Amino acid sequence: MRLSPVLALLTAAALAAALAACGGKDAAAGGDGTTAGDPAALPMPEGGGRGGITGMPDAGQPGPVGAPAAAPQLDENGNPLPPADPAALPADPDAVAANDPALPVPAGADPANADAAAAGPAAADGAATAAEPTPEDAVAVVRDYYAAINSRSYGRAYALWSDGGRASGQDAQQFANGFANTAGVSVELAPPGRVDAGAGQRHIEVPVSITATQRDGSQRRYVGGYTLRRTVVDGASAEQRAWRIASADIRELKP
């Protein structure tokens with residue numbers, strides 16, 4: 001049976017009203033006792049209430065700054081170990097060596113190395129000055145002179161005179177002939193005098209007491225001294241800067 005248009009329209013309106021009534025009752029009840037429009041009825045994202053929906057802290061509340069805290073050290077039973085005592089930590093070896101006189105001082109902590117580095121060329125000049133011949137070196141020249149005579153090394157003894165031996169007033173052969181009757185010589189050296197400065201030279205006197213034994217067994221005694229000199233001008237050779245015998249003032253003691 002076909003319904004009239006008016007009856008069909010009324011039937012559709014009645015169905016729509018019934019459905020609307022059912023839907024309104026469900027929305028009002030919310031299914032869990034909550035009221036529609038209540039924010040608490042909305043689902044909360046994970047981390048809700050603690051910040052933004054991303055779970056990050058809200059602006060103006062930065063998280064922890066810096067490296068994360070180290071995990072506590074545990075003993076064999078799983079118990080936390082006490083924090084390390086800073087006084088028990090290994091000390092700086094350089095600092096320990098610098099403060100302990102029984103230990104060698106590291107090169108970097110040695111004040112002497114720092115002073116030498118700061119001195120620079122001046123230190124080199126000081127070392128060169130310290131290497132200059134001393135009065136004791138002059139005494140050693142006279143001692144070597146008589147040691148060469150006793151060993152009959154007359155050429156070596158002759159070379160200990162200044163100017164390559166010429167300061168003796170003899171040539172090498174004449175010098176050697178002067179000891180033809182000498183069997184041996186002993187010498188006693190007294191402390192040297194002060195160093196005198198000359199024009200580009202230095203002079204010093206070394207007092208001596210000599211006993212010469214002749215080949216026939218007789219002895220002759222002498223006293224006096226030797227004057228030695230050396231050159232100090234720029235460009236002088238090592239030989240010229242060394243002490244050499246310049247003159248002798250020797251007199252024989254009569255019995």
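Nothing here was measured: the structure is a model prediction, and the numbers come from that model.
- A continuous path of Ile, Leu, Val, Met, Phe, Trp and Tyr side chains, each step under 4.5 Å between heavy atoms, connects Val185 with Val142, placing both in one hydrophobic cluster.
- Applying the ring pair (Phe, Tyr, Trp, His ring centres under 6.0 Å) rule to Phe179 yields the partners Tyr154, Phe175; only residues at least two apart in sequence or on another chain are considered.
- Interatomic distance, CG of Asp171 versus CD of Gln173, reported as 7.0 Å (0.5 Å rounding).
- In this structure, Leu253 CG and Ser209 OG are separated by 7.0 Å, a value rounded to the nearest 0.5 Å.
- Residues Val232 and Gln201 fail the side-chain proximity criterion, which asks for heavy atoms closer than 4.5 Å.
- Applying the side chain to side chain donor-acceptor pair (under 3.5 Å) criterion to Asp196, with sequence neighbours excluded, gives Arg194.
- For the side chain to side chain donor-acceptor pair (under 3.5 Å) test, no residue two or more places apart in sequence or in another chain qualifies with Trp243.
- Asp163 meets the salt bridge (Lys or Arg N to Asp or Glu O under 4.0 Å) test with Arg229; sequence neighbours excluded.
- Counting only distance, with no hydrogens or angles, the side chain of Tyr158 and the backbone of Gln170 share a donor-acceptor pair below 3.5 Å.
- One hydrophobic cluster, built from ILVMFWY side chains closer than 4.5 Å, cannot hold both Val208 and Val223; they sit in different ones.
- Looking only at distances, a side-chain donor or acceptor of Arg241 sits under 3.5 Å from a matching main-chain atom of Val233.
- Taking the salt bridge (Lys or Arg N to Asp or Glu O under 4.0 Å) definition, one finds that Arg202 meets it with nothing, sequence neighbours left out.
- In this structure, CG in Leu228 is found 9.0 Å from CH2 in Trp161, a value given to the nearest 0.5 Å.
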Pairs under 3.5 angstrom only: tabulate donor-acceptor contacts from the side chains of residues 210-217 to other protein residues two or more places apart or in another chain.
from   : atom 1 : to     : atom 2 : distance (Å)
Thr211 : OG1    : Arg221 : NH1    : 3.1
Thr213 : OG1    : Gln219 : NE2    : 3.4
Arg215 : NE     : Ala180 : O      : 2.7
Asp216 : OD1    : Ser218 : N      : 3.0
Asp216 : OD1    : Ser218 : OG     : 2.7

